[in-house]
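What follows is one structure encoded as structure tokens, with my remarks underneath.
Residue indices begin at 1 and follow the sequence shown. Both backbone and side-chain heavy atoms feed into the values below; hydrogens, waters and symmetry mates do not. Each ligand, and each atom within it, is numbered from 1 in the order the structure gives.
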Amino acid sequence: MNYFKRSSKIPGPFPLPLIGNMHQLGGDFPAAAKIFQRKYGDFYEFYMGNKRNIVISRPDLVEKVWGPLSLKNTKFIMRNSYSEGIDELGLGTKGMVLNRDIESWSINRKFLVPSISSPSFLRESIKLSSKLINEVFEYWKIMEKEGMQVEFSDWMDALGADVVSTTATGKKNSSTAELFNTLNLKGKTSKMQGIWQDGLRFIQAIQTYNESMSFMMLFPTFFRRKFPGIKSLNTKYLDNRDWIDNELKKLVVERRKEILNTPLNQPLEPTILTLLLTTNTERDLETIAVGKFDRPLTDEEISSIIREVFTGGMDTTSNSLSFISFYIAKHRDVYLKMREEVLNVYGTLDNPDLTFESYGKLKYIGAVINESIRIFPTISLMPRTATEDVEFDGFTIEADTTVFTNLKALSNNPKYFENPEKFNPDRFLADKESMGKYTYIPFGNGVRICPGRAWAIVQMKTFLVKLLCTFDMELVDKNANPKYVYATANRPVDIKLYIRTRKN
Ligand code: HEM
């Protein structure tokens, strides 16, 4: 067993033959990481099968992993070590998040980053999201009249799916309409038809895809294929992969046809899908120079980038919004302070003119977003993998070992955050120095930093400002604490709120 041959004996739970520490991880990696951390500290190892993994939550070590800002200087270019499971999912050499082919990863990033962080895209995103949020608020007003609770996690998932679909592809999705219809309110149903026949099924498929990433990465092939219980999950995840790949392929082929049939002098709307399809063609919307790369992207390359916009962009933002909504419903003083800021910035609470330029002035709302993500990050453990041996405190971390950074342990450590359990957005406005470096990095850092961070912040601010202007909120259970299920991201559950239309 590799364990007995390892060159440096880092503390950590003793692994069993064949399974390593799989039995201790169960289905909830963050919960197991919390227990391990209490026992072994901020730098420990664990095994999945025969494979060694490291977990760190010390800023000096985190800096080694996430600090370097250039490809040349970073030893942690890879997200994960080679994994047959990730290749089976179709992610080992495609897209970005788990792509180990650095050339293809780099091309994909260079196409995606300018398109989703440009001011013109973000402005368009504010417009489109605002419309979709207004539709949701109309549903909520009906629910309010019926005295119904709003299950925020479900609504945020559905809204996230509609926002990402519309913004990324230009095609409307019907998740919020379908969610409303599941309430079975007599005489009140939405007739909206979306891009996917079943918008709620689409959300589930993306969530399942995200779940399958950690499963495929952590569980050795032998167990996935042979172990009862685990084997059926493996089959479910591979079937789900096929369903998503098929749906996205259809979408790309259809849009390619639409573009071909559009006269050259007729403008095309600047969605991510159209931008990717027209790159290096006579319809090029924006010239993107990526080294010697001068051919159009293939349908497969485009599907893999779009898939990542869905898998990376839906769960993360909607989970964060559910946690934020929970905290601001629990802390009415914070809610009112956010509203005061909106009034100061826009001069009105009645349909303020939301511009990209105004968002920089929403400092307190920004601090509330940071504080919620600090206490409960939707991604609490993020991997990076070294391409060569690295020294950590006199221990050798061999090349191809995966190092998980425990973001939640870092941002809840009393050494860096006074009274970390206290929800206190002001800490992000006051003495930020005392937090130190590499203690709060919710979007990562360095060469693989989250490409969707600006878009995520814009989406969150748009929703929150509109929410504050339209409703008051109250937790159904005032003593509730946020609950989650682990599915690569921490997905909030049971965030039940009463909402009431704002009176003054
Ligand atoms: C609150 C929302 C979000 C959070 C907390 C979040 C967090 C993260 C983190 C921690 C990473 C790892 C970064 C690193 O290794 O340095 C990441 C990567 C990534 N994120 Fe996000 N993210 C969010 C929203 C989004 C959105 C809206 C998109 C849409 C495109 C997105 C797409 C991605 C992709 C594609 C990667 C992989 C990048 C790479 O490996 O090169 N994320 N995200």
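T316 OG1, 3.3 Å is the protein heavy atom nearest to atom 24 (C) of ligand 1. Looking only at heavy atoms of the protein, atom 26 (C) of ligand 1 is closest to G313 CA, 3.4 Å. The protein heavy-atom contact nearest to atom 10 (C) of ligand 1 is P442 O, 3.2 Å. Among all non-hydrogen protein atoms, the one lying nearest atom 14 (C) of ligand 1 is R448 O, 3.1 Å. Given atom 4 (C) of ligand 1, the protein heavy atom at minimum distance is F443 CE2, 3.4 Å. The nearest protein atom to atom 25 (C) of ligand 1, hydrogens excluded, is given as G312 O, 3.3 Å; this is a heavy-atom distance. In terms of protein heavy-atom proximity, atom 20 (N) of ligand 1 is closest to C450 SG, 3.3 Å.
Comparing R384, M314, R109 by heavy-atom distance to atom 16 (O) of ligand 1, the nearest is R384.
For R79, every heavy-atom contact with ligand 1 shorter than 4.0 Å involves the side chain, none the backbone. Of all the heavy atoms of V97, the ones lying under 4.0 Å from any atom of ligand 1 are found in both the backbone and the side chain. At a heavy-atom distance under 4.0 Å, only side-chain atoms of M382, from C-beta outward, approach ligand 1. Only the side chain of I116 comes within 4.0 Å of ligand 1, judged by heavy-atom distances.
Between A33 and N406, the closest heavy-atom pair is CB-ND2, 3.9 Å.
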Would you sort out whether R307 and Y209 count as a side-chain hydrogen bond (donor to acceptor under 3.5 Å, both in side chains), showing the intermediate values? CA-CA 10 Å; R307 183 179 55 205; Y209 205 93; 3.3 Å; yes
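Taking the ring axis of F417 as reference, the NZ or CZ atom of R427 does not stay both within 45° of it and closer than 6.0 Å to the ring centre. A cation-pi arrangement is absent between R79 and W105 under the rule of less than 6.0 angstrom and at most 45 degrees off the ring axis.
Between Y40 and F46, the distance from one ring center to the other does not fall under 6.0 angstrom. With ring centers used as reference points, F471 lies under 6.0 Å from F137. Checked against the 6.0 Å centroid threshold, W140 and F152 count as a close aromatic pair. Taking the six-membered ring where the residue is Trp, the centroids of F326 and F376 are separated by 6.0 Å or more.
Side-chain N or O atoms of D400 include none that pairs as donor or acceptor with a backbone N or O of S81 at under 3.5 Å.
The atoms of ligand 1 that sit less than 4.0 Å from any heavy atom of G444 are 10 (C), 13 (C), 14 (C), 16 (O). Set against the non-hydrogen atoms of I379, the atoms of ligand 1 under 4.0 Å away are 7 (C), 8 (C). Atoms of ligand 1 lying under 4.0 Å from at least one heavy atom of S320, given by number and element, are 1 (C). For ligand 1, the atoms lying closer than 4.0 Å to a non-hydrogen atom of P451 are 19 (C), 20 (N), 33 (C), 34 (C), 35 (C), 36 (C), 38 (C). Remark: ligand 1 atoms within the under-4.0 Å shell around heavy atoms of W105 are 39 (C), 40 (O), 41 (O).
Residue contacts with ligand 1: N445 is placed with a nitrogen or oxygen under 3.5 Å of a nitrogen or oxygen of the ligand (distance criterion only). Inclusion of T317 in the set of residues having an N or O under 3.5 Å from an N or O of ligand 1 is not warranted.
We find that K337 and D426 are joined by a salt bridge, their nearest charged nitrogen and carboxylate oxygen being less than 4.0 Å apart. A salt bridge does not link E341 with K461: none of the charged nitrogens is closer than 4.0 Å to a carboxylate oxygen.
For the residue pair S153/E151, the side-chain donor-acceptor check at 3.5 Å is satisfied.
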